[in-house]
Number of protein chains: 2
Amino acid sequence: MSAIRYVLLTLLVREPLSGYDIKQQMNSRIGPFWKVGSNQIYPTLSKLRADGYVKLQGVKLHEYRPARKLYEITEQGREALKQWTVESGGLGTIRDELLLKAYNLWLVDPAKMIVRVEEIKKQHEGILADYLAKVEELKPLRDSRLKMDPISSSVAVVEFGIQYEKLYIDWCNRLLAGMGDD
Amino acid sequence: MSAIRYVLLTLLVREPLSGYDIKQQMNSRIGPFWKVGSNQIYPTLSKLRADGYVKLQGVKLHEYRPARKLYEITEQGREALKQWTVESGGLGTIRDELLLKAYNLWLVDPAKMIVRVEEIKKQHEGILADYLAKVEELKPLRDSRLKMDPISSSVAVVEFGIQYEKLYIDWCNRLLAGMGDD
DNA sequence: AGCGTCATGTAAGGAGTTACATGATTTT
DNA sequence: AAAATCATGTAACTCCTTACATGACGCT
């Protein structure tokens, strides 16, 4: 079973969601770690349902504007997700154009590259600010009685994001220092 | 023009290479930042050649065992690469299964997850060691007369890798501390 | 009436993964 | 003689990206 299916189950194990909800949560929560479009979400939900990992909780016409299909994880889906989580998987990859472009720093006009790096740095500063806001929002929601609750797990992931963005911004600064007047 | 084409040009702008060489350099140099297989390399080289971005330097039957096609970047290829390097591009994504799995920490048996995290941590320690060795190997090769030479650009990228692996290992340690006996 | 957002989906095409095919040379 | 490595490629399949299509509801 492919990774996207587990991505959806990862969200559905916490609460029943519609395809649209999943798309929203992808953009905000899982954001830069994994991106999924509606073209993948809807067919994947159908397949998960056909295989018995999720079921339709009901299509609610009332309360919501257009019909909204709420999907709920099944016991089978929950077990499959638990197993996948503790299974070994391959190493990840960082797919970042700037990292590739940095190999060509020596080739190009530093002035032009400085503009580009500053631009990307600003974008990462924006993401960092979002993560910091999110972690502050999540922290008080943690269930202190449990060692590991869903919120704490989310916090752990967002904290990775925070550290990553900080390192990215630092790296941009070092690049800029190396290209600037020295 | 797509990203893989620039990946190949990024390597070819430094020295003429064969498809096989490119694959080797991918695994070692660009490694975890961008992965490309032979199925993408050979057709892409053909397309780049058809479009005039690279040319065949000659097929050397002597000196090498099987026939080895050496590709060389053209002036057109060099200009295209320079332009792409200073162009703006989208944000990168980290595609890492453990990051996704961490969302499900609360779901699973901590003992099983500890084994998994320790395993992945060890892999990252190995990559870090490789990067550290590589940077020490590259540093003395830098051309100190230039502000930016190809080696310095490579060093900048590897240094990103070093910082990333350190952060990953730290994050694994924090996860383990959170799951362990406390 | 028109625009924005909610909500579900499809189409087309390129990118990426895993595996296989072929054949020469070098090492054990 | 067999196995490993060098070297070029193809095949099949899944994934991912960008864009489009459809329609209801809510606001101005």
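Throughout, a chain's letter reflects where its sequence line sits, starting with A, and its residues are numbered from 1.
Using a 4.0 Å cut-off, some side-chain N or O of Lys69(A) falls inside it from OP1 or OP2 of dG9(C). At the phosphate of dT8(C), neither OP1 nor OP2 sits under 4.0 Å from any side-chain N or O atom of Tyr20(A). An OP1 or OP2 oxygen of dT8(D) is reached within less than 4.0 angstrom by a side-chain nitrogen or oxygen of Tyr42(B).
Between Thr74(B) and Val54(B), the shortest heavy-atom distance links the atoms CG2-C, 3.7 Å.
Gln76(A) has its side chain out of reach of Glu79(A): every pair of non-hydrogen atoms, C-beta onward, lies at least 4.5 Å apart.
Ring orientation note: the planes of Tyr164(A) and Tyr164(B) are nearly perpendicular, at an angle over 60° on the 30°/60° scale. Between Phe160(B) and Trp171(A), the ring planes are perpendicular. Angles over 60° get that label, and only those under 30° would be called parallel.
In this view, Ser153(A) and Arg14(A), Met148(A), Leu105(B), Trp106(B) satisfy the side chain to side chain contact (heavy atoms under 4.5 Å, CB included) rule, not counting sequence neighbours.
Nearest to the side chain of Ser18(A), among dG9(C), dT8(D), dT8(C), sits dT8(C).
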- Task: Tell me, with the steps shown, if Arg116(B) and Glu119(B) meet salt bridge (Lys or Arg N to Asp or Glu O under 4.0 Å).
- Result: CA-CA 5 Å; Arg116(B) 191 75 12 218; Glu119(B) 185 185 295; 3.0 Å; yes

Quick tally for nucleotides 13-19 of chain C: nucleotides whose base has a protein heavy atom under 4.0 Å get B, sugar-phosphate-only ones S, the rest -, giving --SBBB-

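Atom pair Leu45(A):CG and dT8(C):P shows a separation of 9 Å (rounding to whole Å applied). One atom, NZ of Lys23(A), and another, P of dA7(C), lie 12 Å apart when rounded to the nearest Å.
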